[in-house]
Every structure is written in C-alpha cells, then in structure tokens.
Participant: 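Okay, handing you the structure first.
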Amino acid sequence: KRIVTLNEKTLCESAKNGGCGECQTGIANQQCENAEKAE
Amino acid sequence: MVIDTCSGSVHAVDEIAYELIGMFEEKTREQAAEELSARFDVPKSEIEECWDDVRELKASGRLFAPDTFEPMAGELKSRTAGVVKALCLHVAHTCNLNCSYCFASQGKYHGERALMSFEVGKRALDFLIENSGSRRNLEVDFFGGEPLMNFEVVKRLTEYARSIEKRHNKNFRFTLTTNGVLIDDEVIDFANREMSNVVLSLDGRKEIHDRFRVDYAGRGSFDRIVPKFQRLVEARGGKNYYMRGTFTHANPDFLEDVKTMLDLGFTELSMEPVVCADSDPSALTKQDVEIVLSQYEQLAELMKQRRREGRPFTFYHYMIDLAGGPCIYKRISGCGSGTEYMAVTPWGDLYPCHQFVGEEKYRLGSVFEGVTNTAVRDEFASCNVYAREECRDCWAKLYCSGGCAANAYHATGSIRGVYEPGCVLFKKRMECAIMLEASRLMENME
C-alpha cells in the first residue's frame, strides 16, 4: 500500500446535509453542530 | 502528502505514489510503469498496482476531483438573505491601555470615546432576534475597546438576553474579549457562568508584551494581568478560553512567546500578525515574514512533540478537522461579515465587521432602522471564493474561502482584492495544520 487516504468523507458529500447555517461564525476547524444530527 | 483541493481528501503517500500521481494525467499506465520502475528500481507490477489505486481514487472522487461548486457560490447567502446570526457589540469605544499597534486606535476607532448604553444594547439584541429567521444559535461578542470598562451594561445585556431566549426558541452564545486589567472575582464568576468563551490579550514574553501593551502612564501591563488571567483560566477548568497574542516587527520569533505562555500554564493559544500600514514601525518586513514561516513549522514540531509527551496544547490556526469541518457551502461563502455577522457601535450603527467600524462608506444602517445600505450588504453577499480570479487555482481556497474582506480592503482598497502577505501566512499555517493532523491520524493507525 503506497497510498493511505486519511479522511473518508469528501466535500461533495457535505453538500447533501450542509448549509444549515447553525455553525459558529479560520474555517478549517469549525465543526458543524448539525453534522451528526443530519446523518 | 497529497491534498486533493476539491474533494478535500488528504492522502499519505510514499515517494513512488507521489511521483505517479504527478504524472497520472499525462502518461499511460505503461509509460509510468516503465519510467518509475527504472527510476526507483522496483518491479513494473508494483507501479501498475499503484496506478490502479490512483485510478480507483479518481473514480471515487478522491483524487483529481473537478471543481463543481461554483454554481453553489452565493446560494447559501441568497437563500438566507437578510438573516443575521451574530453581532459584535462594541460596548466600549474606549480603553484603559494605550497599545500603539491597536487596529482600533486605542479603542476609539478613529472617533469619539463612548460607552454603549443599555438601551442601545437591548435594541441590538432585539434586532438580532427579529432578523435571525429560523437560526437557533445566536452569537454575541462583547468587544471594544475594553468591554469591561462597561461591565454593568455587559451584565444587564446578558441578563436581558437570557430572559428572552427561551421565549423565542434561541440559544445565545456569548464571548468576551479583554485586556485583563479589570478582571476581578466578580468578573471571573460572571464570565464562567455566562461566557461560552473568553479571549485574553497577552503577547507572550514580558518584554515583548510591555513594549506595546502599556497604560496611559506608559507602564507595561504584563505583571498586572498575568495573575488575573491565570486565576480566570483556572476557574474555567482550563477550557473555553484562548490567549490571543500579536506579533510584530519586534518579535517575528513568536514561538518564544508561545513557550512563555505555556510556561505560564496557558494551553489554548493564538498568535496573530499585526494589522497595520507598511509604514508603521511595528509592521512585519519581508525578512520578518521568512522568520515567521519558519516559526510556524517549528511550532508544529513543538506541538507534535508535546502531544507525544502527553502535554498537548492548542494553536488556534492548527485546529483542523480533516474528517469533518465546515460544509462546502460554508467553505465557499466565508465568515459571513456584512450579511449574517455585523458589528454594532456604541451608538447603534451597523458595520460589516469590527474591522470596518469607522469606515463611513461601509455603514450598513443601525439597530433602530435596520440595514438601509443594501448595496454594501449585497457587495459582501457576493464576496465568495469565486469572486477573486487569483483564488481559482489556489489549493487552499476551500480552507480560506477567499480570505478576510477587511484585510483585502485595507491592503487593496477593495473587499474583493487579495491580501497577498496574508495568503502566504495562511497557506503555511494550513500546511502545518494538515501535517500535524495527518501525523496524528497515522500514529493512531499504527
């Protein structure tokens, strides 16, 4: 194995449940409060 | 490490896979196998196996993912047009310190000294509830100047918000940003009861901190505030706070300031580059930036080392979540300044964010009359990652969302400009953050 993928979800998948706007106002680290509920 | 910009996938790879991914779109399977087996002295079958892995990753959307998000740009903002979910309340346009590098001109924002009245603050909270639509989580930052110079109003506004939030099915999340001078037992009790987070201004080493953060008699504030910060943090159980330092031309070697804060017992840390004109003596020079880039890398190594030793600490810009993090809508649209987030002056005027306060052409309206300058609001609503041509081919665009509108405006005169020095620092921070998180994930796999 020469390639190990470290994260399973893609940004494209986040479009399905995204956009609720309930997240906190540098963006990389902001965990969506509704992500678990949406799944 | 290979980062696929538009899928967000992060792949740990060896040297052969790295080279193969680089040539995947230009060469055939046979050409790649021929070239790489000769270069690395491995059987062609191994290269072909790796090629097939890359092909599978591409097919599953985890490598070479196309950018299909542009049509979404603006969609989130258009479907939530007029919804406000966060306010920065400037409860004090005055300060008990006289820091020469202050972006807010010692808290006055280039205007008159003023304290927000309870009536203006109450109207701001009502404005927020009235304009928050179906948003349940509302954020209010007590900001200044020094907000504790108006502590009675802060307490009354918090009490008022708590008295109405359940009736409106809202949840207020308060934060307080303070220089620490006025912290006492009452402030600590209040902050730990009501503030979801507190931001504490400390620049690190005593001689660095006291160089800029002085009172009006010119005395440094380090010795006065550090014991207060330590008591506050201890009373909070060491959580839900962070130390926010500023580094300038005087200390591009800011890692020493990070170490000082660790020695003082603080573990939730942030150090930010000074925001000022290039002509300002505290401005970072090109030579300083080179030092800062190296410091970011050394900081990541220190964090990795301390994590392994069981003494972890947090750096604000390295808290990346590769498995989750914000959804694509949020990544495209950015921080929400001027649309869902606004700053309120002591007189009730609305601005796109705290860094625009005092820029008259960016006044949006007021908490009494609402948003009347819809042209400015629309300008901010259209400000997304695709609004800047320079960002289209940038690997970091879905981490930075096009950058800070205030930095862009102050550097280029347009909120759609690109503040290039900020890009350089941001990309280095992202590299370090991804490296740190990847190393943690790989250690967990072993």
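Naming convention: chains lettered A, B, ... in sequence-line order (proteins, then strands); numbering from 1 in each chain.
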Participant: Minimum heavy-atom separation for A/Glu22 to B/Arg135, with atom names?
Facilitator: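 Looks like OE2-CA, 3.4 Å.
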Participant: When you compare the side chain of B/Lys85 with that of A/Cys23, does any pair of heavy atoms fall below 4.5 Å?
Facilitator: yes
Participant: Looking only at heavy atoms, what is the nearest atom pair of B/Cys327 and A/Gly19, with distance?
Facilitator: SG-N, 3.3 Å
Participant: Taking non-hydrogen atoms and a cut-off under 4.5 angstrom, which of residues 12-20 of chain B neighbour chain A?
Facilitator: B/Ala12, B/Val13, B/Asp14, B/Ile16, B/Ala17
Participant: Once rounded to the nearest 0.5 Å, what's the spacing between atom CZ of B/Arg62 and atom OG1 of A/Thr5?
Facilitator: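 Here the rounded value is 7.5 Å.
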Participant: Enter the distance from A/Asn7:CG to B/Ser7:OG here, rounded to the nearest 0.5 Å.
Facilitator: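 Result: 7.5 Å between the selected atoms.
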Participant: Report the distance from atom CG of A/Leu6 to atom CD of B/Glu437, rounding to the nearest 0.5 Å.
Facilitator: 9.0 Å
Participant: What part of B/Leu63 lies closer than 4.5 angstrom to a heavy atom of chain A: side chain, backbone, both or neither?
Facilitator: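 No part of B/Leu63 comes within 4.5 Å of chain A.
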Participant: Could you tell me the separation between the CZ atom of A/Arg2 and the CD atom of B/Glu46, rounded to the nearest 0.5 Å?
Facilitator: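 So the CZ of A/Arg2 and the CD of B/Glu46 are separated by 5.0 Å.
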Participant: Out of B/Ala86, B/Ala438, B/Ser9, B/Cys6, which one racks up the most heavy-atom pairs below 4.5 Å with chain A?
Facilitator: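 Answer, by heavy-atom pair count under 4.5 Å with chain A: B/Ser9.
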Participant: Is any side-chain heavy atom of B/Val2 less than 4.5 Å from a side-chain heavy atom of A/Ile3?
Facilitator: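 They are not in side-chain contact.
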Participant: What part of B/Thr5 lies closer than 4.5 angstrom to a heavy atom of chain A: side chain, backbone, both or neither?
Facilitator: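 Interface part for B/Thr5: backbone (N, CA, C, O).
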Participant: Are there over 12 heavy-atom neighbours, none belonging to B/Glu49, within less than 6.0 Å of that residue's CD?
Facilitator: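 No, because the 6.0 Å sphere around CD of B/Glu49 holds 12 heavy atoms or fewer from other groups.
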